[in-house]
Each structure stands twice: as C-alpha cells, then as structure tokens.
Amino acid sequence: MKKVVGVKNNQRVMQTKLTIRHTFLKLLKKRKFEEVTVTDICKDAKITRGTFYRYYQSTFALMDQLRNNLAKEIIALIKKRFDNADWNILPVIFEVLKKSDPEVVRVALNKKNGSQCVGRIFASLKEAIRPTVMREIKMITNDDFDYLYAYITTGISGILILWVEKGMNPDTSVIEKSILAMINKSRLQMAEEMPNIWAMK
C-alpha cells in the first residue's frame with residue numbers, strides 16, 4: 001500500500017513540475033523572461049505560490065534548471081562524438097537546440113546569458129576531449145591544447161549566440177560546413193607547425 005501511495009505522490013510531483021514548466025514557457029512566448037513573475041505562473045497554472053516554491057526558489061531557478069537540462073543533453077552527445085574522434089560537433093549542438101523549446105533556447109543563448117551558458121558546456125567537456133586531441137596532434141602540450149580549445153570554443157559560442165539573435169534559421173548546413181572547415185584547418189596547421197615550434201624552443 002505504501003508503495004502505491006509513493007508512486008502516486010511521485011506522479012503528482014512530476015505532473016505539477018511539468019505544469020509549472022509548460023506554463024512558464026507559454027508565458028515566455030508573450031513576454032520577456034524578466035517580465036514573467038511567480039504570480040503570473042501560479043495564476044496561469046492554477047496553483048498556489050507555496051506549490052511553486054516547493055519546487056523552485058524563483059523564476060531564475062526554474063530557467064536555470066531548463067538551461068541545465070539543455071546543456072546536459074548537448075554534453076552527452078558531444079562526448080559521444082569525440083569518443084569516435086569526430087570533431088564535427090556543431091551539428092550535434094544545433095540538433096539539440098532545434099528540437100528544444102525555442103523560448104528556452106532564446107533565453108539561454110541570448111547576448112546576456114549566451115557566453116556563460118555555452119562556456120559552462122565547453123568547460124565541462126574540456127578534460128573529456130583533451131586526451132583525443134593530445135593523441136591526434138603530436139607534440140602538443142597541455143598549454144597548447146588550452147589555447148586551441150579556447151580559440152575553437154569561443155568561436156562556436158559566438159556563432160550560436162548570433163544564430164539565436166538572427167532568428168534561429170532551421171537550415172544550418174552552410175554554417176556547419178564552414179565551421180568544420182575552419183576547425184579542420186586549425187587542427188592541420190597546428191599539427192604541421194608543432195615540430196617547428198618545438199625546434200625553436
């Protein structure tokens with residue numbers, strides 16, 4: 001009997017949180033994030049403020065959770081790519097962003113929050129990617145890797161923020177090909193130059 005009650009309670013919690021998230025996203029279609037209040041969400045979702053605060057401290061905490069869910073999905077897919085020595089990570093990021101709620105993407109990757117959000121994703125990936133790059137580019141040092149990683153990820157971050165700013169065009173094939181060409185060129189140049197750099201030390 002206790003197990004049945006526990007399952008029902010869990011289902012109720014999940015349903016309430018889902019209602020809160022759906023209501024929040026619906027309101028974001030009409031207003032800017034900063035204009036959506038807890039009162040607005042509660043009124044639209046037909047719940048009390050106490051119910052909202054049982055699960056989220058604020059609208060910022062709610063958005064943070066949605067951003068984190070987005071980041072986790074991107075991180076998992078990129079790690080899988082790099083496990084197969086595949087540097088073409090931009091399509092993976094776009095794949096997740098396109099199927100995610102556009103309002104979450106707009107807030108997560110706007111000019112104000114975008115660099116921080118994408119930076120968090122790439123920071124958590126850095127050490128997982130390091131061994132693959134170190135194996136592929138001979139003679140590269142940890143410092144060299146840090147600079148290469150910063151160069152590539154900062155560029156990708158800027159591109160994603162610009163893509164959101166320009167309306168999130170679903171056709172990203174040209175961007176993906178261009179960025180992959182630039183990444184590959186950087187890799188090859190670094191691989192070719194490393195012996196010369198070491199010779200000068």
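Count residues from 1 along the sequence. It should be emphasised that the depicted structure is a prediction, and the values quoted were computed from it without experimental measurement.
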- Query: Is a donor on one side and an acceptor on the other found under 3.5 Å between the side chain of S157 and the backbone of T153?
  - Reply: no
* Are the side chains of I41 and I20 in touch, meaning some heavy atoms are under 4.5 Å apart? -> yes
Practice item. Check whether any side-chain heavy atom of F122 sits under 4.5 Å from a side-chain heavy atom of I152, and report yes or no. Key: no
Under 4.5 Å between side-chain heavy atoms, hopping through other hydrophobics if needed: is there a path connecting I159 to L162? no
Is it the case that the side chains of T48 and T51 hold a donor-acceptor pair, with the cut-off being a distance below 3.5 Å and no angle test?
yes
Discussion item. As a quick check of understanding, evaluate side-chain contact (heavy atoms from CB on, under 4.5 Å) for L180 and L90, giving each step before the final call.
Written reply: CA-CA 8 Å; L180 180 61; L90 202 54; over 6 Å; no
request  = Step through the shown structure and confirm whether more than 12 heavy atoms of other residues, nucleotides or ligands are within 6.0 Å of NZ on K111.
outcome  = no
Between I75 and I78, is the side-chain contact (heavy atoms from CB on, under 4.5 Å) condition met? List the steps. CA-CA 5 Å; I75 288 165; I78 291 178; 6.0 Å; no
* To do: Would you indicate whether K177, at its atom NZ, is surrounded by more than 12 heavy atoms from other residues, nucleotides or ligands within a distance under 6.0 Å?
  => no
side-chain contact (heavy atoms from CB on, under 4.5 Å) filter on D64, not counting sequence neighbours, yields R67
Check: Are any non-hydrogen side-chain atoms of R130 and N142 less than 4.5 angstrom apart?
Finding: yes
### E35 atom CD, over 12 foreign heavy atoms within 6.0 Å
yes
*Shared ILVMFWY cluster between L125 and I161, side chains joined below 4.5 angstrom?*
no
So CE of M14 and CG of N10: to nearest 0.5 Å the spacing works out to 8.0 Å
- prompt: Do V38 and T59 come close enough that some side-chain heavy atom pair is under 4.5 Å?
  reply: yes
Residues at least two apart in sequence or cross-chain that pass ring-ring contact (aromatic ring centres under 6.0 Å, His included) with F24, listed by chain then number, are none
Self-check item: Donor-acceptor under 3.5 Å (N69 side chain, L66 main chain)
Solution: no
*asked:* For Y53, is the OH atom crowded, meaning more than 12 foreign heavy atoms sit under 6.0 Å from it?
replied: yes
All heavy atoms of Y56 vs all of K17, minimum pair found to be OH-CE, 3.7 Å
| said: Please determine whether the number of non-hydrogen atoms from other residues, nucleotides or ligands lying under 6.0 Å from atom CD of Q57 exceeds 12. | reply: no
Would you give me the side-chain donor-acceptor pairs under 3.5 Å for residues 93-108, sequence neighbours excluded?
{"unit_1": "K98", "atom_1": "NZ", "unit_2": "P170", "atom_2": "O", "d": "2.8"}
{"unit_1": "K98", "atom_1": "NZ", "unit_2": "T172", "atom_2": "OG1", "d": "2.8"}
{"unit_1": "K99", "atom_1": "NZ", "unit_2": "E73", "atom_2": "OE2", "d": "2.8"}
{"unit_1": "S100", "atom_1": "OG", "unit_2": "V96", "atom_2": "O", "d": "2.6"}
{"unit_1": "D101", "atom_1": "OD1", "unit_2": "E103", "atom_2": "N", "d": "2.8"}
{"unit_1": "E103", "atom_1": "OE1", "unit_2": "R106", "atom_2": "NH1", "d": "3.4"}
{"unit_1": "E103", "atom_1": "OE2", "unit_2": "R106", "atom_2": "NH1", "d": "2.9"}

Of all heavy-atom pairs linking W163 and I175, the shortest is CD1-CD1, 4.2 Å
Taking every heavy atom of Y55 against every heavy atom of T16, the minimum-distance pair comes out as CE1-CG2, 3.6 Å
Do the two ring centres, one from Y147 and one from Y151, sit under 6.0 Å apart?
no
- Message: Grouping I, L, V, M, F, W and Y whenever their side-chain heavy atoms are under 4.5 Å apart, do M182 and V118 come out in a common cluster?
- Response: yes
- prompt: Looking at side-chain heavy atoms only, is the closest gap between N68 and R120 below 4.5 Å?
  reply: yes
